[in-house]
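Everything on this sheet refers to the single structure shown next.
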Amino acid sequence: MRQAMYSLRKRVMVTGGAGFLGSHLCDRLLADGHEVLCVDNLFTGTKQNVEHLRDHPHFEFLRHDVTFPLYVEVDEIYNLACPASPIHYQHDPVQTTKTSVHGAINMLGLAKRLGCKILQASTSEVYGDPSINPQTEDYWGNVNPIGIRSCYDEGKRCAETLFFDYHRQHQLPIKVARIFNTYGPRMHPADGRVVSNFIMQALQDEPITIYGDGSQTRSFCYVDDLISGLIALMDSPEGVTGPVNLGNPVDFTMVELAQKVIELTGSASTLANADLPADDPKQRKPNIGRARDLLGWEPKVPLEEGLKMTIGHFRGMLDAQRG
Ligand SMILES: NC(=O)c1ccc[n+]([C@@H]2O[C@H](COP(=O)([O-])OP(=O)(O)OC[C@H]3O[C@@H](n4cnc5c(N)ncnc54)[C@H](O)[C@@H]3O)[C@@H](O)[C@H]2O)c1
């Protein structure tokens, strides 16, 4: 281990560190006193997301695509690099699979060389369109291997396989988090994800797009809670590899979410129905028993509070654009 015996400060690499979750993770790790190496190719992330960290003495940004090998010295790796919204990951599906699979191989190879812990940001999408609800980690999933979401879902599933094979074959210390829908400030405003969509539409008094009849349910975890979960998992004892579901088990229908957003923004928007996209899961809700037992973690921020903070962020962005 590179970490000096006399110091608790670690040098931590965050791939995808200029993205939504990654930038919040960089913030938290720096606040906890660590050095952060933020690695990102800026495909969906932006320099603005980490602009406030630019002059921080313990922060470093490296523009790099994880599908290529990387040789750096770090004590821990959080592997978050991967476009996460359907619009972005379907834009160049081959690159999406490469990012998950080649990215995992490269980052696992680096962790193996350094003998350091590595955490994978996996996803509830590994469960596909689940036939059980809520989803537990021992459910193997129901994924279409050839559909338009497969580049993401199967890429992430293969990355999990690689993590566990490096663990079994090379005794690499791994952590796998299965992240469920997370929202908050710095989400991409045009990524088509439901929370950002609804808020942007509501703030501009545009009709709110409800796919299908809006009875499909989703659970929403506020970003601060999610970051606490990722760090708790990274810091958990070596025997804890995961996969561990991280998300908020309280679920809402799309119509309920739209109504809450309209209420909190004071918007004049109405609801507009559109066709359901292909392979859209009808239900998604984590069972977080494992995270509670192993990490003592559960989300704390209620939807209304998290939405208010997210609305504040998007409102500020729109105000800045309007000058
Ligand atoms: N936000 C969620 O609700 C959610 C849910 C499940 C899983 N996840 C996972 O968490 C991670 C972060 O998601 P996010 O919501 O912050 O998305 P995001 O798109 O904001 O962040 C992903 C980051 O990875 C970078 N990136 C993409 N391809 C890369 C490559 N080849 N090399 C280097 N960097 C690359 C992007 O530029 C971006 O900064 C992803 O792996 C995603 O699959 C997120």
Side-chain angles (χ1 to χ4, degrees), residues 13-27 37-50 61-70 77-107 110 119-127 135 149 151-160 163 176-197 218-227 229-230 233 243-248 281 284 286 299 306 310:
M13 180 165 102
V14 179
T15 75
F20 161 49
L21 296 182
S23 61
H24 285 275
L25 180 58
C26 291
D27 285 347
L37 173 61
C38 167
V39 173
D40 204 297
N41 70 349
L42 302 180
F43 174 50
T44 50
T46 61
K47 278 197 175 162
Q48 288 98 291
N49 282 344
V50 287
F61 177 80
L62 175 66
R63 189 166 184 162
H64 176 81
D65 182 329
V66 296
T67 63
F68 296 95
L70 179 63
I77 301 172
Y78 287 85
N79 188 36
L80 271 62
C82 186
S85 74
I87 288 180
H88 290 137
Y89 69 65
Q90 288 165 13
H91 170 74
D92 184 349
V94 173
Q95 174 68 8
T96 299
T97 304
K98 277 188 186 170
T99 295
S100 277
V101 178
H102 293 198
I105 292 170
N106 289 327
M107 296 308 113
L110 175 63
L119 180 145
Q120 167 70 355
S122 189
T123 168
S124 56
E125 293 286 333
V126 300
Y127 299 124
Q135 292 82 51
R149 299 173 81 104
C151 57
Y152 183 71
D153 300 6
E154 296 290 17
K156 288 284 189 180
R157 285 168 69 94
C158 184
E160 285 200 13
F163 267 69
V176 174
R178 288 187 181 152
I179 302 171
F180 284 65
N181 259 339
T182 301
Y183 71 100
R186 300 191 205 138
M187 287 182 90
H188 200 293
D191 66 2
R193 284 194 263 191
V194 62
V195 175
S196 43
N197 244 11
R218 291 289 185 281
S219 60
F220 304 99
C221 185
Y222 188 65
V223 62
D224 288 356
D225 282 332
L226 196 275
I227 299 302
L230 289 180
L233 178 58
V244 176
N245 288 341
L246 295 179
N248 195 321
R284 202 46 92 47
T310 314

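First listed ligand is number 1; within each ligand, the first listed atom is number 1. Computed from a predicted structure; not experimentally measured.
Judged purely by distance below 3.5 Å, without hydrogens or angles, the side chains of Tyr127 and Asn245 pair a donor atom with an acceptor atom.
If you number the atoms of ligand 1 from 1 as listed, the ones under 4.0 Å from a heavy atom of Tyr152 come out as 7 (C), 8 (N), 42 (C), 43 (O). Listed by atom number, the atoms of ligand 1 under 4.0 Å from Gly45 heavy atoms are 36 (C), 37 (O), 38 (C), 39 (O). Per-residue contacts place Asn181 under 4.0 angstrom from the following atoms of ligand 1 (heavy atoms of the residue considered): 3 (O). Set against the non-hydrogen atoms of Gln95, the atoms of ligand 1 under 4.0 Å away are 31 (N). The atoms of ligand 1 that sit less than 4.0 Å from any heavy atom of Ala18 are 39 (O). For ligand 1 and His64, the ligand atoms under 4.0 Å from any heavy atom of the residue are 32 (N), 33 (C). Near Gly19, meaning under 4.0 Å from one of its heavy atoms, ligand 1 places the atoms 20 (O), 21 (O), 38 (C), 39 (O).
Salt bridge Asp92/Lys98: absent, no basic N to carboxylate O contact under 4.0 Å. Salt bridge present: Arg284 and Glu125 bring a charged side-chain N and a carboxylate O closer than 4.0 Å. With salt bridges taken as basic N to acidic carboxylate O contacts below 4.0 Å, one links Glu160 and Arg178.
Of the polar atoms of Phe43, at least one N or O is found under 3.5 Å from an N or O of ligand 1, judged by distance alone. Between Val66 and ligand 1, at least one pair of N/O atoms sits closer than 3.5 Å. At a 3.5 angstrom cut-off on N or O pairs, Ala81 does not count as close to ligand 1. Residue Lys156 has at least one N or O atom closer than 3.5 Å to an N or O atom of ligand 1. Considering backbone and side-chain atoms together, Thr67 places no N or O closer than 3.5 Å to any N or O of ligand 1. At under 3.5 Å, a nitrogen or oxygen of Thr44, whether backbone or side chain, sits near a nitrogen or oxygen of ligand 1. Between Thr182 and ligand 1, a contact under 3.5 Å exists for at least one N or O pair.
The nearest heavy-atom contact from the protein to atom 16 (O) of ligand 1 is Leu21 N, 2.8 Å. Counting only heavy atoms of the protein, atom 6 (C) of ligand 1 lies nearest to Ile179 O, 3.1 Å. Among all non-hydrogen protein atoms, the one lying nearest atom 26 (N) of ligand 1 is Asn41 OD1, 3.3 Å. Protein heavy atom in closest approach to atom 37 (O) of ligand 1: Asp40 OD1, 2.6 Å. Ranking the protein heavy atoms by distance from atom 20 (O) of ligand 1 puts Phe20 N, 2.8 Å first. Closest to atom 12 (C) of ligand 1, if we only count protein heavy atoms, is Leu80 O, 3.6 Å. The shortest contact between atom 31 (N) of ligand 1 and any protein heavy atom is with Asp65 OD1, 2.9 Å. For atom 23 (C) of ligand 1, the nearest protein heavy atom (residue, atom name, distance) is Gly16 CA, 3.6 Å.
Distances shorter than 4.0 angstrom do not occur between any heavy atom of Arg186 and any atom of ligand 1. Heavy-atom separations between Arg193 and ligand 1 include at least one value shorter than 4.0 Å. Ligand 1 has no atom lying under 4.0 Å from any heavy atom of Thr15. A heavy-atom separation below 4.0 Å is not found between Tyr183 and ligand 1. Heavy-atom distances between Lys98 and ligand 1 stay at or above 4.0 Å for every pair.
Considering every non-hydrogen atom in both Leu230 and Leu119, the closest pair reads O-CD1, 3.6 Å. In terms of heavy atoms, Val244 sits closest to Leu233 at CG2-CD1, 4.0 Å. For the pair Ser100 and Cys82, the tightest heavy-atom approach, listed with the atom from each and the gap, is OG-SG, 3.7 Å.
The proximity of Leu42 to ligand 1, defined as any non-hydrogen pair under 4.0 Å, is limited to the backbone. Residue contacts with ligand 1, taken as heavy atom pairs separated by less than 4.0 Å, do not involve Glu125 at all.
Between the Thr96 side chain and the Tyr89 main chain, a donor and an acceptor come within less than 3.5 Å of each other. One N or O on the side chain of His24 and one on the backbone of Pro185 form a donor-acceptor pair closer than 3.5 Å. Although no hydrogens or angles enter the test, the distance criterion places a donor-acceptor pair under 3.5 Å between the side chain of Asp40 and the main chain of Ala18. Side chain of Arg157 to main chain of Val126: a donor-acceptor pair is present (N/O by atom type, distance under 3.5 Å, no hydrogens or angles). Formation of a donor-acceptor pair under 3.5 Å by the Asp225 side chain with backbone atoms of Cys221 is not found in this model. Of the possible donor and acceptor atoms, none in the side chain of Ser196 sits under 3.5 Å from a partner among the backbone N and O of Val194.
The side chain to side chain contact (heavy atoms under 4.5 Å, CB included) test with Thr15 singles out one residue from Leu62, Asp65, Asn79, Thr99, and that residue is Asn79. Screening Asp27, Thr46, Asn49 for a side-chain hydrogen bond (donor to acceptor under 3.5 Å, both in side chains) with Arg186, the sole residue that qualifies is Asp27.
Of all the listed residues (Ala159, Ala121, Ser122), Ser122 holds the heavy atom that lies closest to atom 7 (C) of ligand 1. Here atom 17 (O) of ligand 1 lies nearest to Ala84 when heavy atoms of Ser124, Ser23, Ala84, Pro83 are compared.
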Q: Check the pair Leu25 / Ile227 against side chain to side chain contact (heavy atoms under 4.5 Å, CB included), numbers first and verdict last.
A: CA-CA 6 Å; Leu25 180 58; Ile227 299 302; 4.0 Å; yes
Q: For Leu42 and Arg63, run side chain to side chain contact (heavy atoms under 4.5 Å, CB included): C-alpha distance rounded to whole Å, both residues' side-chain angles, the deciding distance at 0.1 Å, then the answer.
A: CA-CA 7 Å; Leu42 302 180; Arg63 189 166 184 162; 3.6 Å; yes
Q | CA sep, side-chain torsions, deciding dist, call: Asn248, Ser219, side-chain hydrogen bond (donor to acceptor under 3.5 Å, both in side chains) | A | CA-CA 6 Å; Asn248 195 321; Ser219 60; over 6 Å; no
